[in-house]
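Remarks on the structure that follows.
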Amino acid sequence: MNLKYSPRSIENKWQSVWEQEGAFAVREDPEREKYYLLEMFPYPSGRIHMGHVRNYSIGDVVARFLRMQGYNVLHPMGWDAFGMPAENAAIKAKTHPAKWTYDNIDYMRSQLKKLGFSYDWSREFATCDVSYYRWEQLFFLKMYEKGLAYRRSAYVNWCETCQTVLANEQVEDGACWRCDQAVVQKQMEQWFFRITDYVEELLDYTYKLPGWPERVLTMQQNWIGKSFGSKIHFPLADREGSLTVFTTRADTLFGATFMSLAPEHPLVAELCSGKPEQAGVLEFVEKAKLAKRSDRETEILEKEGVFTGSFCINPVTQRRIPVYIANFVVMEYGTGAVMAVPAHDQRDFELARKYDLPVKLVIKPADAEPVAAESLTQADEEDGVLVDSGPFTGMTSAEAREAVTRHLAEKGLGELTVQYRLRDWGISRQRYWGAPIPIIYCESCGAVPVPEADLPVVLPTEVAMLENGASPLPSYEPFVKAACPRCKGPGRRETDTMDTFVESSWYFARFACADHDRSPLDFERVKYWMPVNQYIGGIEHAVLHLLYSRFFTKVLRDLGYLEADEPFMNLLTQGMVIKDGSKMSKSKGNVVDPDEMVENYGADTVRLFCLFAAPPEKDLEWSAQGVEGAARFLGRVWRLVADHRDALREAVPYDGNGSIGRDLSGLHRKTHGTIKKVTDDIRDRFHFNTAIAAVMELVNQIYQTLDSKPVDEAFWPVVREAVDAVLLLISPIVPHITEELWRQLGHAETLVRTPWPAWREDALKAEEILVVVQVNGKLRSRLVIAADATEEQMRKAAVEDRRVQEFVAGKTIRKIVTVPGKLINIVV
RNA sequence: GCCUGGGUGGUGGAACCGGUAGACACAAGGGACUUAAAAUCCCUUGGGGCUUGCCCCCGUGCGGGUUCGAUUCCCGCCCCAGGCACCA
């Protein structure tokens, strides 16, 4: 009776068995080692795509593997459910974002279940559930109390299409990360999280996360952008006050011959007021601001500047130096003012040549004479030795940076400082489908936090969406009208919602909790599970979600909600799924639908292909033939059992006791070698492709063995041992077909509850081994010799070998290199 | 410009600590079974050479080096992908 492999019925059957048994539900167990495995949760966009399938297949293999190894594995799934696509879709389909979102969740959940992923579904939640975001509002209040959430007016990135503000991290090449619309700068009152308070710890820990990919860490380090330098105050020449610059090159201070301000610098208007240059300056400023917006992502602008009419004093030379405004100086970095040292900074050099400003050389190469400033064709930006710099002349750049600054500090004109690129996280979004910010504005009391007892501020779901895409909240009076919590007078609610990245900044801790109503985080449970041992997701979140989550975890720790310093101990960034050379997308028409694939081939084949075709961190090229190949392999495994079921059922797996023939001992050895290889590949490297290849080799060898006739009573036991190993080893990858075959072989327990197989060292040893013989590093012969041969015996066998003799004939052997059990190299 | 990765057959990829380059697949070609097809199974498959041997030479982006031995380590280039960037 040869049942044909028909994935659909098998997969349905085992999925419901697992569900009925609650096979993947976990609770805290101090007796067992915990392992928290998490894949980035999806946005419920409608249907899962191949990227999800790949991401979750990788995670599922690890979860199932570790469970079989005896770990207490937490493997949850949920939904990153707030966000703008829901609003857009709802407007288009004339429905409500909530309905659209929850419908999508229902469908996508069923898709994930059909793929057989081993989640503890009892922990599922969506971030748009009131029971989730209510606690986020509490965190906001706690952060507000500690000054970690604050409101200020600022130039912010505004996306006209999305009708909302974007964080710096959400602007890519000057355009919105989601819709690609060019971002404009707009001055607005916004709420910020003070991520800069944690900048040092965030940076420090990038050196303490060995389980993260190097490139993600360096991306975060670049984003944080720490640089050491000095703040130097230049007194204004004809009035009170001073201009402060940030520089990393205090050693070049004697060469500062003018000053450059950003067009947005707050002192610009004052400095030119009443001067003949005023009109020209204001015109220049307007032009520069416009140009910045439109050309930000394109070519670097030609350097231009304009004199303000004012002067300041170089604090070491005491010279009056002109104050310019320059189009390349950015207000957001440093102080928005730059001391210009044309001899030693290329940008300043270009400006000086253009406006005929003095160029003064103050650094020379350590081993050469200084050149004349007039003959410079470009700035010399290298460190060197100071010249023409008063008491500092002769010092090296490094010495002078400190000495000059110390000298200034004594006079109150400067200080050593550290500058970061990272800026605070603007979290206000002028969107509807998000968590309301729990603030009420009162005419007399200003911004007043909603009292804890009044939480949650529930997002009203009875509102109608507006056609133009703007948030309906500001015009929805029942929501907006609220009494001031402080003076009870009339107030208006904040109608901005929080950036959806706030929700994804703590969901991983929430999965560890049981009681979702009474507290935000269940301290003891979170303590047991956190941090996440292994996090798996796409590289695109390298500085967004992965930085925000690290920050938020530290905030929650300092607020006393959890203990972990970092959310994710190990990070695996999986590659994209591509087809015909580019990422799958509707516009390219190269999308492969997971549903269709599961329908045609079954979940096991789809999972197998995703894991076999490439190692997880590399991009995966989708190949229809590759899928066929995966299906073919499963067919071979199926027939292995189906064609020999009775003989296999009756056989007791060989346990290594009792002598067996040469071929059978080869299979036995291969079985144990494969167990070792697969275990190592999955545990240490997540290289499922090579693990699968190893099992394929074992399957091939079983078929070869079956081709020989059963000659002794050990035959079926040895084959049975090998077949059992095959099923166990690939069960995390293709869980359904293996459960079915395992059951057919007479096992009573599911594979899910069966321990991972162990290999026996003694079974790996062969009596004879293959030794490679080289002459002068070139492969010349292979020898089969006894495994316990001494080096002496190896050498003797090699030298006596017929083929080796041909190459050695007539030459003197100068040296013989021996690698025991592996290789001999004869040097002549 | 700076910082990460990466470059191996027709294709995806393997070679884990410097030791048989191309495992395992896909594709292609040939064959078996079949009335035929599908399915399945077997063989060949980096390039070149002749003396066709379980032979020889070449071959892991390019050029050098270290070593008995280099896809692997070092130096100098080229190319591709990603990140940062008028950042003072």
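A note on names: the letters A, B, ... follow the listed sequences, proteins ahead of strands, and every chain is numbered from 1.
- In this structure, of B:A21, B:C24, B:A88, it is B:A88 that holds the atom nearest to the side chain of A:Tyr333.
- For A:Arg632, whose side chain is taken as the heavy atoms from C-beta onward, the closest listed nucleotide among B:A88, B:C55, B:A27 is B:A27.
- Side-chain proximity of A:Asn700 to the nucleotides B:C24, B:G69, B:U4 is greatest for B:C24.
- B:G82 atom P lies 21 Å from atom CD of A:Gln221, rounded to whole Å.
- Glycosidic conformation at B:C17 (O4'-C1'-N9-C4 for purines, O4'-C1'-N1-C2 for pyrimidines): syn, within 90° of 0.
- With 3.5 Å as the limit, one finds a donor-acceptor pair spanning the side chains of A:Asn700 and A:Arg636.
- Here B:C84 is the nucleotide among B:A15, B:C84, B:A88 with the atom lying nearest to any side-chain atom of A:Arg421.
- The shortest distance between the side-chain N/O atoms of A:Arg780 and the OP1/OP2 oxygens of B:C56 is below 4.0 Å.
- Here B:C26 presents its P atom at 10 Å from CD of A:Gln625, a figure rounded to the nearest Å.
- In the set B:C86, B:C16, B:C87, B:C86 carries the atom at the smallest distance from any side-chain atom of A:Phe328.
- Using cut-offs of 30° and 60° on the angle between ring planes, the pair A:His545 and A:His541 is perpendicular.
- Taking only side-chain nitrogens and oxygens, A:Asn689 comes nearer than 4.0 Å to OP1 or OP2 of B:A14.
- Looking at A:Lys796 and A:Glu792, no side-chain N of the basic residue comes within less than 4.0 Å of a carboxylate O on the acidic one, giving no salt bridge.
- At least one side-chain nitrogen or oxygen of A:Lys815 sits closer than 4.0 Å to the OP1 or OP2 atom of B:C68.
- Ranking B:A88, B:U20, B:A15 by closeness to the A:Ser227 side chain, first place goes to B:A88.
- Separating the CG atom of A:Asn327 from the C1' atom of B:C86 is a distance of 8 Å, rounded to the nearest angstrom.
- Distance, A:Lys583 NZ to B:A81 P: 17 Å, rounded to whole Å.
- Nucleotide B:A14 holds its C1' atom 11 Å from the NZ atom of A:Lys618, rounded to whole Å.
- The separation between A:Gln704 atom CD and B:C42 atom P is 9 Å, rounded to whole Å.
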